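Being a predicted model, the structure only gives us computed values, none of them experimental. In listed order, ligands and their atoms are each counted from 1. All values below were derived from every heavy atom in this structure, side-chain atoms included, with hydrogens, water molecules and symmetry-related copies excluded.
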Amino acid sequence: MLRAARANAFATPLGEFHPGNPELFRSNTLWPYFERLRNEEPVHFCSTSPVGNYWSVTKYHDIMHVETNPEIYSSDMNLGGIQLRDLGPEFRWPSFIAMDEPKHGEQRKTVAPMFTPEALDMLASLIRERSADVLDNLPRDETFNWVDRVSIELTTQMLATLFDFPWQDRHKLTRWSDLVNALPKSMIYETEETRLTELRECAEYLARLWNERSKLKKRSDLISMMAHSDATRSMDRENLFGNLILLIIGGNDTTRNSMTGSVLALSENPDQYDKLRNNNVLVDTFVPEVIRWQTPLAHMRRTTTQDAELGGKLIRKGDRVVMWYVSGNRDGEVIENPDSFIIDRARPRIHLSFGFGVHRCLGMRLAELQLKIVWEEILKRFDSIEVVGEPERIYSSFVRGYSTLPVRVRT
Ligand code: HEM
C-alpha cells in the first residue's frame, strides 16, 4: 500500500496536489506527497481542493517565517482562523488561539499561570497517582485498545483535574472536544443538528461551572482563574465558551495521540525500545522525539493581511496559508535523519509540533510532563507493550491521530 502510494504521489503532477486531503492522513500515505513538495515546490498553491484554494508551506524555515510574522500572517477567526477548513459561523467561538495582538496576549496571560513549572510541579504527583492506577488496572496477556484504555482515559483525567471538573462527568470533556474537531465523515455524530445540540449542552454546563466559581474565592483551576481575572471576568459568553473549549481541545487530542504514538513508535523501532528499557533516564529526550514523530496537530493555518513574498511566490492579501508542521518536522536541512525515530537526539526540542512565536503552545510543558510520567510508570511495570494489530487512524488533516491501537502488555 505504501509503495503504491509513493508511486501515485510521484505520478501526480504538482498542480493537482491537495496535501490537505484527510484521506492521505487516514491512510498514512501523506509522506511522499510532502517529500515532493519540500524538494520541488516548498511553497505550493492548491486550486483543486473541495474546501477552497490554499497555500502549503512545507519547509522548516519557511514555517518559522510565517510563525514569526503574525502581523502579515493572521490567526484571526474573522479572516478564517487556524484550520485549513473554514468553520461554519455556528462553530466560530472566539478564543485566543484565533486572535491577533493585542487581544490574544491579554487573554493568554490570564491562563498562563496554570502552566508555569511551579504550578505543574503541584500537579505532577496527582498525575502520577492517576497514571499508576490506570496502568495497574490494565488486562494482562489479553488484547485491548490502548487508545480507549490508556490514552483517552489519562488525558480525560488530566483535563478534569485542570478544570476541577465534576469527576463522574469527566468523559463529557472528551466527547465535546471530539465533536468540535470532527468532520462529517468521521462518523462520530449523526447530523449537524445533533452535534450543535450537544455543543449547546456543553456551553450551558461550562457556564454553570463559571457562575458557581465566580461566586466563590479564587482557586487554582482554570475556570476559577478565568472567572477572577480582569481580562476575562467580563468576557461575553461566546468568548468565554470559546476559550474554555480551546483549553479542552488543546489538551485532549494532542496528548492522547502522542500517548498512542509513543507506543506505536517503539513497536516499530524495537532497538529504541531496548535503549529506553536499559536506560530509563532517556525518557527526557524520548518524549520530545515522540511529539516530533507524531506531530499531533498536522497544521495551523494563517490568512495574509497584505501581499507577501514567501519562497519566491507572491501570496495575495486574504489568501489562506497552511503551515504543515508534519512536513517541517521531516525537513532534513534542519533535522538530521528526520525519518528515523531516535530517542536520544542531541537537540530533541527543535521540532515544530508546538508551533512557534506568540501562539506557541501554552500547554507544552504539561503535555511533556504527562507523557514523561506515564512512561516512567510504564517502565516500572511492564517488560513491553506489544502492538498486535494495525492502528486505525482518524480522518482529519488537522488532528493527526488514532482511533484504535490493539496491544498486549507483558509483565
Ligand atoms: C503534545 C501535545 C500538544 C501539542 C502537539 C500541541 C500543539 C499546539 C499547537 C501547534 C498550537 C498552536 C501554535 C501556533 O499557532 O504557533 C497550540 C496552541 C495551544 N495549545 Fe497546545 N498542544 C499540545 C498540548 C496542549 C495542552 C496539554 C494544552 C492545555 C491543556 C494546550 C493548550 C494550548 C493553548 C491554550 C494554545 C493556544 C496558545 C495561543 O494561541 O497563545 N496544548 N498547541
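Of all the heavy atoms of Arg302, the ones lying under 4.0 Å from any atom of ligand 1 belong exclusively to the side chain. Using a 4.0 Å cut-off between heavy atoms, Arg108 contacts ligand 1 through its side chain alone, with no backbone atom that close. Under 4.0 angstrom from ligand 1, there are no non-hydrogen atoms of Met364.
Arg208 forms a cation-pi arrangement with Tyr205, by the criterion of a distance under 6.0 Å to the ring centre and an angle within 45° of the ring axis. Cation-pi check for Arg345 over Trp293 is not met; the charged atom does not lie both under 6.0 angstrom from the ring centroid and within 45 degrees of its normal. For the pair Arg36 and Phe34, the NZ or CZ position fails the cation-pi test of under 6.0 Å to the six-membered ring centre and within 45 degrees of the ring normal. Because its NZ or CZ atom is not both nearer than 6.0 Å to the ring centre of Trp55 and within 45° of the ring axis, Arg320 does not count as a cation-pi partner of that residue.
Judged purely by distance below 3.5 Å, without hydrogens or angles, the side chains of Arg130 and Thr161 pair a donor atom with an acceptor atom. Side-chain contact check for Ser151 and Asn257: no donor-acceptor pair (N or O, by modelled atom type) lies under 3.5 Å. Side-chain N/O atoms of Ser27 and Thr29 include a donor and acceptor closer than 3.5 Å. Side-chain atoms of Tyr273 and Glu268 include no donor-acceptor pair closer than 3.5 Å.
Ligand 1 is approached by His104 to a heavy-atom distance shorter than 4.0 Å. Taking 4.0 Å as the cut-off, Arg365 does not count as a neighbour of ligand 1 on heavy-atom distance. In this structure, Gly357 does not count as a contact residue of ligand 1, since none of its heavy atoms falls inside 4.0 Å of the ligand.
Close approach of ligand 1 to Glu67 is summarised as follows: ligand atoms under 4.0 Å from at least one heavy atom of the residue are 14 (C), 16 (O). Close contacts between ligand 1 and Ala367 involve ligand atoms 1 (C), 2 (C), 24 (C) [criterion: under 4.0 Å to a heavy atom]. Remark: ligand 1 atoms within the under-4.0 Å shell around heavy atoms of Phe356 are 16 (O). The contact set between ligand 1 and Phe115, taken as ligand atoms under 4.0 Å from a residue heavy atom, comprises 29 (C), 30 (C). Near Ser258, with a cut-off below 4.0 Å to any heavy atom, the atoms of ligand 1 are 1 (C). Listed by number with element, the atoms of ligand 1 under 4.0 Å from a non-hydrogen atom of Val358 are 41 (O). Residue Phe96 approaches ligand 1 through these ligand atoms, each under 4.0 Å from one of its heavy atoms: 35 (C), 37 (C), 38 (C), 39 (C), 40 (O), 41 (O). Residue Ile97 approaches ligand 1 through these ligand atoms, each under 4.0 Å from one of its heavy atoms: 18 (C), 37 (C), 40 (O).
Here the heavy atom of the protein found nearest to atom 3 (C) of ligand 1 is Thr254 CB, 3.3 Å. What sits closest to atom 28 (C) of ligand 1 on the protein, heavy atoms only, is Gly363 CA, 3.5 Å. When only non-hydrogen protein atoms are considered, atom 34 (C) of ligand 1 lies nearest to Leu362 CB, 4.0 Å. At the top of the distance list for atom 42 (N) of ligand 1, counting protein heavy atoms only, stands Cys361 SG, 3.0 Å. Counting only heavy atoms of the protein, atom 27 (C) of ligand 1 lies nearest to Gly251 CA, 3.4 Å. For atom 10 (C) of ligand 1, the closest non-hydrogen atom of the protein is Ser353 O, 3.3 Å.
Looking at Met259, His359, Gln370 and measuring to atom 40 (O) of ligand 1, the nearest heavy atom belongs to His359.
Between the side chain of Lys313 and the main chain of Val43, a donor-acceptor pair closer than 3.5 Å is present.
With values rounded to the nearest 0.5 angstrom, Leu138 atom CG is found 4.5 Å from Phe144 atom CZ.
Within a 6.0 Å radius of CZ in Arg347, other residues, nucleotides and ligands contribute 12 heavy atoms or fewer.
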